[in-house]
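Working notes, beginning with the structure itself.
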Number of protein chains: 2
Amino acid sequence: MSPLHHKIISISPLKQIETEALLGAMEMVSYAKNAILFDTDKVERYVYFIEKGIARAYCNTHKQQATFWFGQEGDIILSYNSYIKEKPGYEIVELLEASQLLRISHQTLQGLYSKHIGLANWGRKLAELELIKTEERFINQQFKTATERYAELIRETPTLIQRVQLTHIASYLGVSPVTLSRIRAGLK
Amino acid sequence: MSPLHHKIISISPLKQIETEALLGAMEMVSYAKNAILFDTDKVERYVYFIEKGIARAYCNTHKQQATFWFGQEGDIILSYNSYIKEKPGYEIVELLEASQLLRISHQTLQGLYSKHIGLANWGRKLAELELIKTEERFINQQFKTATERYAELIRETPTLIQRVQLTHIASYLGVSPVTLSRIRAGLK
DNA sequence: ATCATTTCTTAACATTTGTAAAGTATAAAA
DNA sequence: TTTTATACTTTACAAATGTTAAGAAATGAT
């Protein structure tokens, strides 16, 4: 069992049969660098877990690409908007490197949720963990300065800076590339 | 069955026995105006639904009270941080009016989740819906101006402005009270 | 009703951030 | 390698926001 498999099933305690049902329903897919995984105006049919690669989610606002999420190995890629509301998502997900992803269709997952109580609680825990992450990022975004957030980013995900171009980091931090340059110059 | 009860059980399809188990485990509690519902450094034991009243969640940052959430009738009050991690939350929840809340203990809820698959999926849906809300607010916060966000707030929750003082609204929008005054003056 | 307190607005000034443009560095392509 | 394109930094200036302080409005208490 791969580290990714292990991470997926350790989200919540599962019975043997539930583990097999979940992992058995997943398949590995490969994408080239710069591939668009999700696009706006499409209802996304799959949930993905990143085995290898890096992903970026962004919205197209007034003439800008507004980056609001990065995913690396072990992270989940999921349009909750598209998934819950069964409407086209507002986000675009792009793969910044050649990537390998583990995927499972929403339809299959729904079937598993309605059959196995362990998997229903697994899905609950998954959503709850994602919610905490989003909530923490929201609070950080609103009440810390861009300088503090950049320092945190370096501390907590130092590899990200090396793998992602700074224009995307700037957008993610909610400042212009110029301001990010000034922040970086000031921290030296 | 009250409108709040109805809203709670319509989150996800439940069997009769599940509906009864969930609603039967809830109790109504009353709080005075300005009561502190959650405090930092305490692990919160209950989840609340607002029957009547209005609530505000905030963090204490460098000399500021940073408001990041308001709840009104029908909304859920839940410290996911405290709940999932079983650690003290970072947030304080204050009731801005005399309030009536429906509550259920985390412990009871966990028991229901492990017994009834319908309730496990109800809890999943609940977390997923909260996640979408948080995600949307995050994106709004990062990529819209304070003026746009204030206009949206008036459009979508007009009663909020009347029930909550503007310093809290300003904090919620991520700007100073002075800037909010300027925004309001500009929209006339 | 009157007084005291709190909240909101307005103004002046300082600071920060964005925009535009130029230059430098890096990476990709021929 | 040379050329081309892209990404990053720096500068100068404009626009927006924060801070402080003062006055107006609203609220609460006696």
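Each chain gets a letter, A, B and so on, in the order its sequence line appears, and its residues count up from 1.
Contact check, R184(B) against dC8(C): no side-chain N or O comes under 4.0 Å of OP1 or OP2. Distances shown here put a side-chain N or O of T179(B) below 4.0 Å from the OP1 or OP2 atom of dG18(D). Within the structure, every side-chain polar atom (N or O) of R182(A) is placed at least 4.0 Å from both OP1 and OP2 of dT10(D).
Listed nucleotides: dG18(D), dA20(C), dT10(C). Nearest to the side chain of V175(B): dG18(D). With dT19(D), dT10(D), dC8(D) as the choices, the nucleotide that has an atom nearest any side-chain atom of S176(B) turns out to be dT19(D).
To the nearest angstrom, P of dT7(C) lies 11 Å from CD of Q65(B). One can place CD of Q165(A) at 12 Å from P of dT9(D), the figure rounded to the nearest angstrom. When rounded to the nearest whole Å, the span between CD1 of I169(A) and P of dT9(D) equals 12 Å. Rounded to whole Å, the distance from CG on L166(B) to P on dT10(C) is 12 Å. Atom pair Y150(B):OH and dC8(C):C1' shows a separation of 12 Å (rounding to whole Å applied). Computed from coordinates, the F143(A) CZ to dG18(D) C1' distance equals 16 Å when rounded to whole Å. In this entry the distance linking CG of L180(A) with P of dT19(C) reads 14 Å, nearest Å. Distance I183(A) CD1 to dT10(D) P: 13 Å, rounded to the nearest Å.
Counted by atom type alone, T157(A) and Q72(A) present zero donor-acceptor pairs between their side chains at under 3.5 Å. For the 3.5 Å distance criterion, the side chains of H5(B) and S2(B) qualify, holding a donor opposite an acceptor. Inspection of the R184(A) and Y150(A) side chains reveals an N or O donor paired with an N or O acceptor under 3.5 Å.
In this structure, F68(B) has its ring center no closer than 6.0 Å to that of F138(A).
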